[in-house]
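One is the number of the first residue; the rest follow in order along the sequence. Note that the coordinates shown come from a computational prediction; the quantities given were computed from them, not determined experimentally. First listed ligand is number 1; within each ligand, the first listed atom is number 1.
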Amino acid sequence: MTDDALTCTGLRYSFGQTRAVDGVDLTVVSGEVFGLLGPNGAGKTTAIRCVTTLLPVLSGMVRVFGYDVATERMAVRRMLGYVPQQLSADASLTGRENVSLFARVFDVPRRERAARVGQALEAVGLADAADRMAGTYSGGMVRRLELAQALVSAPRLLILDEPTIGLDPIARTGVWEHILAVRAATGMTVLVTTHYMDEADQYCDRVALMHQGRVRALGTPGHLTADLRARRADGSSATLEDVFRDVAGSGLGESGGEFRDVRRTRNTASRVL
Ligand SMILES: Nc1ncnc2c1ncn2[C@@H]1O[C@H](COP(=O)(O)OP(=O)(O)OP(=O)(O)O)[C@@H](O)[C@H]1O
């Protein structure tokens with residue numbers, strides 16, 4: 001067994017002529033919160049779908065806790081919790097029923113199910129709202145419910161695709177606080193994609209900046225920004241967004257626009273109602 005939660009080596013994936021992922025090498029260390037950052041179309045979701053076995057790994061190698069994603073799919077799936085961008089909660093079920101459904105799908109033993117569902121709801125701060133219809137939840141509560149759905153199988157690697165997109169700043173903070181609390185309690189590894197550079201800076205131990213299917217920079221937010229500051233002649237301060245502009249160069253505007261402009265609003269509150 002290995003201490004690495006995830007290793008990708010030379011991962012490539014194309015949709016027809018479109019090279020969505022073009023040779024990604026990265027390692028996520030067990031227990032860390034790792035951020036995969038990049039603008040729309042950078043290849044983040046495609047890479048994640050390869051890791052979760054939803055897309056086949058046809059070129060390159062992906063391992064989750066040492067298991068080969070291409071040949072040991074079931075072993076990999078048992079390690080994973082995945083919260084996709086698309087809404088996965090059912091508005092006409094209660095929070096508890098939504099999480100119970102996932103517990104059954106993920107084969108949580110029948111004897112443990114009720115307790116595990118209760119613990120997952122508690123872990124995301126939804127114990128009091130557990131028996132209300134999900135359709136009455138706010139956007140932030142829906143996102144936390146989806147987190148509980150992914151946590152009920154006690155994953156070793158939790159993968160979150162844009163967990164806070166479309167949420168207001170307070171709801172975003174709430175989602176992150178629960179992610180970090182569960183990580184602290186369980187030692188779970190977290191791989192997250194986000195457009196929000198400020199969140200990555202604040203909450204991720206390390207980040208990979210992805211652009212046009214490739215990882216352009218990788219490291220702790222502190223190292224990446226310090227490195228850019230050192231390279232700037234005037235020594236002015238630098239943010240992760242500055243680092244991204246630096247490594248992506250002039251190509252950034254061509255493939256999906258500026259970070260501030262291309263955020264898709266994922267208004268879970270209105271979609272679930
Ligand atoms: N099902 C698909 N069929 C064809 N092309 C696709 C498909 N899914 C993604 N692509 C293309 O692959 C590239 C990478 O897309 P991907 O969704 O992985 O990027 P992303 O970084 O996750 O972007 P976003 O933040 O918008 O989700 C884009 O050019 C996209 O248009």
Please determine if R19 forms a cation-pi arrangement with Y13, meaning its NZ or CZ atom is less than 6.0 Å from the six-membered ring centre and no more than 45° off the ring axis. no
Would the distance check show the side chain of K44 and the main-chain N or O of G213 forming a donor-acceptor pair, the cut-off being under 3.5 Å? no
One finds that the ligand 1 atoms under 4.0 Å from a non-hydrogen atom of P39 are 21 (O)
Any idea which part of A47 is under 4.0 Å from ligand 1, heavy-atom wise: side chain, backbone, both or neither? neither
Are any of the N or O atoms of T45 closer than 3.5 Å to those of ligand 1? yes
Does H195 have a non-hydrogen atom less than 4.0 Å from ligand 1? yes
Looking only at N/O atoms, are F15 and ligand 1 under 3.5 Å apart anywhere? no
State whether D198 and R172 are salt-bridged, where the test is any N-O pair (Lys NZ or Arg NE/NH1/NH2 against Asp/Glu carboxylate O) under 4.0 Å. yes
Is any NZ, NE, NH1 or NH2 atom of the basic residue among R77 and D107 found under 4.0 Å from an Asp or Glu carboxylate oxygen of the other? no
Should the proximity of N40 to ligand 1, defined as any heavy atom under 4.0 Å, be assigned to the side chain, the backbone, both, or neither? both
If you measure every N/O of A42 against every N/O of ligand 1, is any gap under 3.5 Å? yes
Kindly assign one of parallel, tilted or perpendicular to the pair F244 and H211, based on the angle between their ring planes and the thresholds 30° and 60°. perpendicular
Should the proximity of Q85 to ligand 1, defined as any heavy atom under 4.0 Å, be assigned to the side chain, the backbone, both, or neither? side chain
Is the cationic atom of R132 (NZ for Lys, CZ for Arg) positioned less than 6.0 Å from the six-membered ring centroid of Y137 and within 45 degrees of its normal? no
If you measure from each heavy atom of G43 to ligand 1, is any distance below 4.0 Å? yes
Is R231 salt-bridged to D227, cutoff N-O under 4.0 Å? yes
Is there a heavy atom of G213 sitting under 4.0 angstrom from any atom of ligand 1? no
